[in-house]
Amino acid sequence: MTTPAHHPETLSIPVPRDYLLHRDACSYGYFLLAPNHWNPHTLSLHRTFTLDNQPVKGLIWQGPRPAFSTVPIRSIPRGSSLTVALESTLSDAQRRELSDQVHRMLNLHEDHTVVRSFHRADPRFKASGRARLFRSPTLFEDVIKTVTSCNVAWPSTIIMNKRLCEVVGEGGAFPTSAQLARTRVATLRARCSVGYRDQRLIDLAKLFYTNQIDEAHLTNPKTTDDEVLDFLIELPGIGPYAAANILQLLGRYSHLPLDTESVRHGRTILGFKGSSAQIMKKVKAHFAPMRQHTFRSYWFEMWEFYEAKRGKSWTWDRETTGKTFTASALKDEGLGPKKPKPAKRRGSSN
DNA sequence: GGTAGACCTGGACGC
DNA sequence: GCGTCCAGGTCTACC
């Protein structure tokens, strides 16, 4: 690990009063994908950002400075500011850009009132405080990561993202839309192991690079979730699952990205019977009463299952535990039909 | 609108 | 070590 002493520039970022970095960053699988590197011993997140088209290595921690030894959870005061330490000095514009990216990645704009609203809807997660979901510093990275997670086992997604950073990105950063748009199809397939996704990834990068994806419109509260979903599903390589996943990565939690993981969860944990299609419908109906919190309720129920098998997510290592947390990797480890206490439902009784 | 088959890769498995 | 099979979501052609 790089020590903070080698960082000439540090930023302090205030967070919501209930915020805990180890809990709220390690809340979605993307925290395990390059260029993100979570250190489970020092409870800090290392990643190379792209600021004003320059790769800048950064380290994020909460509370006291991380040392080489293990940091005890109790030493981190809830809601204490984050420190972002960088390996090079930044311009004012780069500092603002970095702050925006960290806010998006860690969902820092979701204050305790948003969290409380979710916990009123699903009190099962009040004690742990789970509510915020990790995502990427940019929508472009989230879209590309989602495509690399489709029709593939999780370890392959890890490989694709690692190679995209090594081969296409500069200085270990995630590729920019410009870099990916000008990459040859054959390079992507041969060196990044993306398979048939090669052309689709380049087409998506071109759409972002030529400003044909209006992020402001997609995040505008006046735009409905269904309108966003309809737009996303028209993009190359984006089907119903990917569109719903990007929807949640846009901070819209009303829909479920239903995949084989959902079917396994429905079958083994919720006890649903029937074909995969029938189980997907039942899972969808099961969580629908959560309305705008549907995905959070679904996701944290699954996340708790993963943690029951693999330990708390902030103890996962990218190279070991982080490769095996999905249900497909756990399927031979005695998935019982043990049914969790059902969530208290609010809203519609449909 | 629903469905079958192709698309790739890496891991599991059998020999 | 090698060959075969399988899992995974999207896309296209077809009914």
Side-chain angles (χ1 to χ4, degrees), chain A residues 28-30 32-34 136 140-168 180 183-208 213 226 228-250 255-269 274-284 295 298-299 302 305-306 309-310 318-335:
Chain A
Y28 191 67
Y30 289 4
L32 295 161
L33 298 179
S136 301
F140 171 67
E141 185 176 333
D142 272 339
V143 169
I144 299 300
K145 277 183 157 57
T146 297
V147 174
T148 67
S149 75
C150 290
N151 196 30
V152 77
W154 181 247
S156 295
T157 302
I158 293 176
I159 290 169
M160 283 185 238
N161 280 275
K162 186 167 178 278
R163 295 200 183 144
L164 282 171
C165 295
E166 289 168 354
V167 175
V168 185
L180 189 54
T183 305
R184 290 172 57 221
V185 176
T187 303
L188 273 191
R189 184 172 293 215
R191 298 182 62 196
C192 301
S193 299
V194 301
Y196 65 88
R197 300 164 194 80
D198 50 7
Q199 187 64 59
R200 296 172 193 177
L201 291 174
I202 290 170
D203 290 345
L204 281 166
K206 284 177 179 168
L207 288 172
F208 273 92
I213 312 283
D226 286 334
V228 175
L229 208 57
D230 289 345
F231 172 78
L232 293 172
I233 213 158
E234 292 300 319
L235 298 176
I238 307 297
Y241 163 80
N245 197 54
I246 296 166
L247 196 71
Q248 68 88 4
L249 291 163
L250 281 162
H255 288 62
L256 291 184
L258 294 163
D259 60 359
T260 51
E261 206 82 350
S262 323
V263 174
R264 259 186 223 101
H265 188 77
R267 193 170 276 146
T268 61
I269 303 300
S275 66
S276 292
Q278 289 169 329
I279 289 176
M280 280 192 189
K281 280 184 184 172
K282 288 176 183 177
V283 170
K284 187 180 175 185
F295 180 77
Y298 160 84
W299 182 255
M302 291 225 295
F305 164 75
Y306 300 146
K309 294 284 182 183
R310 285 288 181 265
R318 188 171 79 174
E319 303 304 323
T320 54
T321 336
K323 288 184 177 172
T324 64
F325 79 89
T326 59
S328 59
L330 294 165
K331 66 183 176 186
D332 296 326
E333 298 182 21
L335 291 183

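A note on names: the letters A, B, ... follow the listed sequences, proteins ahead of strands, and every chain is numbered from 1.
- The CG-C1' distance, from A:L256 to C:dG9, rounds to 16 Å in whole Å.
- Looking at the side chain of A:R189, the nearest of the listed nucleotides B:dT9, C:dG9, B:dG10 is B:dT9.
- What you find for A:G29 and A:W299 is that their closest heavy atoms are N-CZ2, 4.4 Å.
- Between the CG atom of A:N151 and the C1' atom of C:dC11 there is a distance of 11 Å, rounded to whole Å.
- Remark: C1' of B:dG10 and NZ of A:K162 are 15 Å apart, rounded to the nearest angstrom.
- Taking every side-chain heavy atom of A:I159 into account, B:dG10 is the closest of B:dG10, B:dC8, C:dT10.
- For the pair A:D198 CG and B:dC7 P, the interatomic distance rounds to 13 Å; values are reported in whole Å.
- Here A:S156 does not reach the OP1 or OP2 of B:dC8: none of its side-chain N or O atoms lies under 4.0 Å away.
- Nucleic acid contact for A:P155: none, since no nucleic acid atom lies under 4.0 Å from a heavy atom of the residue.
- A:W154 has its CH2 atom 21 Å from the C1' atom of C:dC6, to the nearest Å.
- Rounded to an integer number of Å, the gap from CG of A:L229 to P of C:dT10 is 11 Å.
- In terms of heavy atoms, A:I238 sits closest to A:A242 at CG2-CB, 3.8 Å.
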Using the side chain to side chain donor-acceptor pair (under 3.5 Å) rule, take A:Y30 and A:T157 through it: C-alpha gap first, then chi angles, then the decisive distance, then the call. CA-CA 10 Å; A:Y30 289 4; A:T157 302; over 6 Å; no
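- From A:L201, atom CG reaches atom CG of A:L164 across 7.0 Å, with rounding to the nearest 0.5 Å.
- Atom CD of A:Q199 and atom C1' of B:dC8 are 15 Å apart (whole Å).
- Checking A:S193 against A:R200, the closest nucleotide of DNA chain B that is more toward the 5' end is the one next to A:R200.
- Between the C1' atom of B:dG11 and the CD1 atom of A:I158 lies a distance of 14 Å, rounded to the nearest Å.
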For the pair A:Y298 and A:Q248, evaluate side chain to side chain donor-acceptor pair (under 3.5 Å) and give the outcome as yes or no after the intermediate values. CA-CA 12 Å; A:Y298 160 84; A:Q248 68 88 4; over 6 Å; no
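- Across all strands shown, A:I233 has no heavy atoms under 4.0 Å from either base or sugar-phosphate atoms.
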